[in-house]
A.B. asks: 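The structure follows.
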Amino acid sequence: MKLITIVGARPQFIKAAAVSRAISQYNQKYPTHAIREIIVHTGQHYDPNMSDVFFAQMQIPQPNYHLGIGSFSHGAMTGRMLEKIEEVILKEKPDTVLVYGDTNSTLAGALAAVKLHIPVAHVEAGLRSFNMRMPEEVNRVLTDQISNWLFCPTETAVRNLKREGILESGQSLVSNVGDVMYDAALFYKKIAQPTKAIASLIKELDESFYLATVHRAENTDDPIKLSNTIDALETISKTTPVVLPLHPRTNKLLSSQHISYIRLIEPVGYFDMITLLSKCNGVFTDSGGLQKEAYFFHKPCITLRDQTEWVELVEQGCNVLVGADREKIIEAENNLINLKEITHNNYSNYLYGQGNSANKVIDQLIKNS
Ligand code: UD1
Ligand code: UDP
């Protein structure tokens with residue numbers, strides 16, 4: 001079987017790391033039926049600390065194609081990717097195109113494939129925020145409509161597809177395989193070593209700090225929301241330091257805001273991130289991936305959004321939605337002891353699978369090809 005994997009943005013490298021590992025394990029076991037994986041990097045994320053570091057640390061095979069398409073508006077980015085991915089598909093003639101998550105790279109990959117009648121496999125299918133103003137929601141809904149394999153990370157995701165009629169259509173294979181990000185967290189936490197800079201920052205802070213990330217367009221592109229969020233984190237940092245690895249999007253938009261207390265750092269690699277997660281007191285984030293990782297590391301999560309796709313975490317009481325509301329963010333921090341206790345008591349090992357999701361993806365692709 002020949003598979004084209006489309007990646008481009010940071011969270012996709014982490015998901016693809018888990019699946020590429022499963023592919024190489026499969027190939028070692030069944031050398032005569034080896035899967036040939038061709039990796040296409042769209043170039044959506046391109047700074048070394050947003051891209052190369054993940055390939056190196058997580059031992060993801062180097063991309064066979066690098067399209068170099070980053071920093072464009074939505075239409076220009078998706079359109080250019082569509083054109084270039086089509087060229088690669090026509091040349092490589094894969095059996096399947098594998099896409100991850102909900103970025104512009106995801107939609108471009110799925111669209112290029114379906115137009116050429118190549119089956120599409122979508123890992124992280126069925127997630128919904130029900131907010132079509134989010135570019136990610138548009139990308140997900142459309143990708144799911146044109147996918148043949150819909151690999152859902154949760155039961156909620158399966159139910160969402162059922163509601164949209166996809167489960168019953170009979171043309172697509174929908175299954176809950178669990179979350180490949182859980183596979184990644186379990187595997188890499190055993191080998192992750194932090195850089196010296198992060199190890200000494202954690203020591204300097206006496207292992208008492210919060211970890212935060214802010215990058216969602218809905219937060220960063222609205223100056224009032226961004227300023228409210230940063231203001232709340234500044235206030236919290238006066239008593240418990242907040243470590244904020246800053247996404248380049250936010251960095252560009254934040255230049256006018258004065259920051260005195262938050263510990264701003266450059267984006268970090270996955271190993272540093274895992275180390276920060278394992279040592280922090282809790283997480284403030286608008287990231288999709290980090291909400292779950294907080295849970296994987298038994299940390300309470302205060303989510304800087306009005307909706308989440310990971311509703312089971314909110315239902316379990318481990319995650320609280322506060323939007324970009326300054327007072328709600330500060331109030332949630334005041335209430336963190338309770339959130340911590342609930343997170344500790346309500347942890348379930350099976351919410352996101354059992355750490356073998358990538359193997360399930362590969363098994364199903366092989367079985368149904
Ligand atoms: C994208 C995804 C988002 C995902 C996020 C993960 C879409 C619509 N959005 O958002 O779902 O959560 O990635 O991080 O696909 N930039 C750099 N260097 C880089 C990458 C980006 O400077 O290596 C800057 C550029 O100015 C760029 C901006 O960040 O224009 C935004 O990047 P883009 O890839 O368009 O969107 P993200 O906000 O990263
Ligand atoms: N991440 C990282 N370094 C950082 C910030 C995030 O390695 O400086 C990881 C994080 O642990 C998670 C993934 O990147 O695995 C999430 O990506 P991001 O928040 O950019 O995207 P989202 O999940 O919101 O789409």
Side-chain angles (χ1 to χ4, degrees), residues 6-18 41-54 57-58 68-78 81 99-109 124 127 129 133-140 142-143 153 179-185 188-189 192 194-195 198 211-221 243-254 264-278 280 283 285-297 299 301 303-305 308-310:
I6 309 286
V7 291
R10 176 167 69 186
Q12 291 164 334
F13 308 140
I14 290 153
K15 293 162 200 169
H41 187 324
T42 61
Q44 180 166 351
H45 287 172
Y46 48 85
D47 291 341
N49 58 7
M50 294 290 288
S51 175
D52 296 353
V53 66
F54 298 97
Q57 285 187 338
M58 304 178 90
I69 303 165
S71 282
F72 291 102
S73 61
H74 287 288
M77 187 191 287
T78 315
M81 288 176 186
V99 297
Y100 292 93
D102 54 19
T103 73
N104 291 342
S105 301
T106 315
L107 179 61
E124 217 180 65
L127 294 180
S129 65
R133 286 185 60 80
M134 283 180 76
E136 293 86 357
E137 184 76 354
V138 176
N139 292 338
R140 292 177 196 127
L142 298 181
T143 300
D179 192 335
V180 296
M181 286 190 86
Y182 185 43
D183 300 17
Y188 292 102
K189 80 176 179 187
T195 56
I198 291 299
L211 176 62
T213 70
V214 182
H215 78 276
R216 273 294 145 206
E218 71 207 58
N219 283 334
T220 55
D221 293 5
V243 174
L244 174 55
L246 203 56
H247 191 290
R249 170 189 209 101
T250 320
N251 196 11
K252 280 173 192 154
L253 292 159
L254 206 61
L264 285 185
I265 57 174
E266 293 280 316
V268 295
Y270 190 65
F271 287 1
D272 277 345
M273 200 62 185
I274 279 188
T275 309
L276 286 164
L277 260 167
S278 65
C280 74
V283 170
T285 192
D286 59 8
S287 158
L290 198 55
Q291 288 176 61
K292 285 168 300 157
E293 286 169 339
Y295 183 72
F296 302 155
F297 284 83
K299 303 291 174 174
C301 185
T303 296
L304 310 167
R305 290 181 52 197
T308 181
E309 301 76 28
W310 307 102

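Just follow the structure's listing: the first ligand is 1, and inside any ligand the first atom is 1.
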A.B. asks: With heavy atoms only and a cut-off of under 4.0 Å, state how Met50 meets ligand 1: side chain, backbone, both or neither.
C.D. replies: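 The answer is the side chain of Met50.
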A.B. asks: For the side chain of Thr106 and the backbone of Tyr100, is there at least one donor-acceptor N/O pair under 3.5 Å apart?
C.D. replies: yes
A.B. asks: With atom 21 (O) of ligand 2 as the reference point, say which of Pro267, Gly288, Pro11 has the nearest heavy atom.
C.D. replies: Pro11
A.B. asks: What residue and heavy atom of the protein are closest to atom 23 (O) of ligand 2, and at what distance?
C.D. replies: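 Here the nearest protein heavy atom works out to Gly289 N, 2.8 Å.
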A.B. asks: At less than 4.0 angstrom from any non-hydrogen atom of Pro245, what atoms of ligand 2 do you find?
C.D. replies: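 Those qualifying, in numeric order: 8 (O).
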A.B. asks: Which bit of His45 is near ligand 1, meaning a heavy atom under 4.0 Å away: side chain, backbone, both or neither?
C.D. replies: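 Both backbone and side chain.
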A.B. asks: Phe297 ring centre to Lys189 NZ or CZ under 6.0 Å, with the angle to the axis within 45°?
C.D. replies: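 Yes, Lys189 lies over the aromatic ring of Phe297.
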A.B. asks: Among all protein heavy atoms, pick out the one at the shortest distance from atom 10 (C) of ligand 2; state its residue, atom name and that distance to 0.1 Å.
C.D. replies: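 The closest one turns out to be Glu293 OE1, 3.2 Å.
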A.B. asks: Give me the residue, atom name and distance of the protein heavy atom closest to atom 12 (O) of ligand 1.
C.D. replies: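 That would be His215 NE2, 2.8 Å.
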A.B. asks: Are the charged groups of Glu218 and Arg133 less than 4.0 angstrom apart, N to O?
C.D. replies: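 Salt bridge: no.
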A.B. asks: Thr42 side chain to Gln44 main-chain N or O, any donor-acceptor pair under 3.5 Å?
C.D. replies: yes
A.B. asks: Examine ligand 1 and decide if any of its atoms is less than 4.0 Å from a heavy atom belonging to Ser71.
C.D. replies: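 Yes, Ser71 has heavy atoms under 4.0 Å from ligand 1.
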A.B. asks: Check each of Asp221, Asp286, Thr285, Thr250 against Arg216 using the side-chain contact (heavy atoms from CB on, under 4.5 Å) test, and report the only one that passes.
C.D. replies: Asp286
A.B. asks: Look only at the side chain of Ser278 and the backbone of Thr275, and say whether a donor-acceptor pair between them is shorter than 3.5 Å.
C.D. replies: yes
A.B. asks: In terms of atom number and element, which parts of ligand 1 are under 4.0 angstrom from non-hydrogen atoms of His247?
C.D. replies: 14 (O), 37 (P), 38 (O), 39 (O)
A.B. asks: Please check: side-chain N/O of Glu136 versus main-chain N/O of Asp102, any donor-acceptor pairing under 3.5 Å?
C.D. replies: no
A.B. asks: Arg216 heavy atoms, cut-off 4.0 Å: which ligand 1 atoms fall inside?
C.D. replies: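 Matching atoms, with element in brackets: 11 (O), 12 (O).
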A.B. asks: Below 4.0 Å, non-hydrogen atoms only: which portion of Ile14 touches ligand 2? Side chain, backbone, both or neither.
C.D. replies: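 Side chain only.
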A.B. asks: Check whether any side-chain N or O of Glu137 sits under 3.5 Å from a backbone N or O of Ser129 as a donor-acceptor pair, and report yes or no.
C.D. replies: yes
A.B. asks: Checking a contact table here: which protein heavy atom is nearest atom 19 (O) of ligand 2, and how many Å away?
C.D. replies: Ser287 OG, 2.7 Å
A.B. asks: Would you mind checking which non-hydrogen protein atom is closest to atom 8 (O) of ligand 2, with the distance to 0.1 Å?
C.D. replies: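 Minimum-distance protein heavy atom for atom 8 (O) of ligand 2 reads Val268 N, 3.0 Å.
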A.B. asks: Return the residue, atom name and 0.1 Å-rounded distance of the protein heavy atom closest to atom 22 (O) of ligand 1.
C.D. replies: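 The closest one turns out to be Lys252 NZ, 2.8 Å.
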A.B. asks: Going by the order shown, which atoms of ligand 1 are within less than 4.0 Å of some heavy atom of Pro11?
C.D. replies: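 The list of qualifying atoms is 6 (C).
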A.B. asks: Without swapping roles, check the side chain of Asn219 against the backbone of Leu304 for a donor-acceptor pair under 3.5 Å.
C.D. replies: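 Present.
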A.B. asks: Between Leu277 and Glu293, what is the shortest heavy-atom contact and its length?
C.D. replies: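 Closest approach of Leu277 to Glu293: CD1-CB, 3.6 Å.
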A.B. asks: With a 4.0 Å cut-off on heavy atoms, is Met181 in contact with ligand 2?
C.D. replies: yes
A.B. asks: Among all protein heavy atoms, pick out the one at the shortest distance from atom 31 (C) of ligand 1; state its residue, atom name and that distance to 0.1 Å.
C.D. replies: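 Atom 31 (C) of ligand 1 sits closest to the protein heavy atom Arg249 NH1, 3.4 Å.
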A.B. asks: Side-chain contact test, heavy atoms from C-beta onward, threshold under 4.5 Å: evaluate it for Arg10 versus Pro267 and give yes or no.
C.D. replies: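 Yes, their side chains come closer than 4.5 Å.
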A.B. asks: Is it true that a side-chain atom of Asp47 and a backbone atom of Asn49 form a donor plus acceptor pair closer than 3.5 Å?
C.D. replies: no
A.B. asks: Only heavy atoms of Tyr270, strictly under 4.0 Å: list the atoms of ligand 2 that pass.
C.D. replies: 7 (O), 15 (O)
A.B. asks: Give me the nearest non-hydrogen protein atom to atom 18 (N) of ligand 1 as residue plus atom name, then the distance to 0.1 Å.
C.D. replies: Asp47 OD2, 2.9 Å
A.B. asks: Pull out every atom of ligand 1 sitting under 4.0 Å from any heavy atom of Glu136, numbered as shown with elements.
C.D. replies: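 So the atoms of ligand 1 that pass are 3 (C), 9 (N), 11 (O).
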A.B. asks: How far is atom 17 (C) of ligand 1 from the closest protein heavy atom, and which atom is that?
C.D. replies: Tyr46 OH, 3.1 Å
A.B. asks: What part of Ser51, side chain from CB on, backbone N/CA/C/O, both or neither, has a heavy atom under 4.0 Å from ligand 1?
C.D. replies: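 For Ser51, no heavy atom sits under 4.0 Å from ligand 1.
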A.B. asks: Tell me the protein heavy atom at minimum distance from atom 33 (P) of ligand 1, and give that distance in Å.
C.D. replies: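 It is Gln44 NE2, 3.9 Å.
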A.B. asks: Looking only at non-hydrogen atoms, which of His45, Arg216, Arg10 approaches atom 4 (C) of ligand 2 most closely?
C.D. replies: Arg10
A.B. asks: Could you label the plane-to-plane angle of the His215 and His247 rings as parallel, tilted or perpendicular, counting under 30° as parallel and over 60° as perpendicular?
C.D. replies: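 If you compare the ring of His215 with that of His247, the planes turn out parallel.
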A.B. asks: Would you confirm whether Lys15, through its side chain, and Gly101, through its main-chain N or O, come within 3.5 Å as a donor-acceptor pair?
C.D. replies: no
A.B. asks: Would you name the heavy atoms of Phe271 and Gln57 that are closest together and state the gap between them?
C.D. replies: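 Phe271 and Gln57 have their closest heavy atoms at N-OE1, 3.1 Å.
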A.B. asks: Please list, in number order, the atoms of ligand 1 under 4.0 Å from a heavy atom of Met77.
C.D. replies: 35 (O)
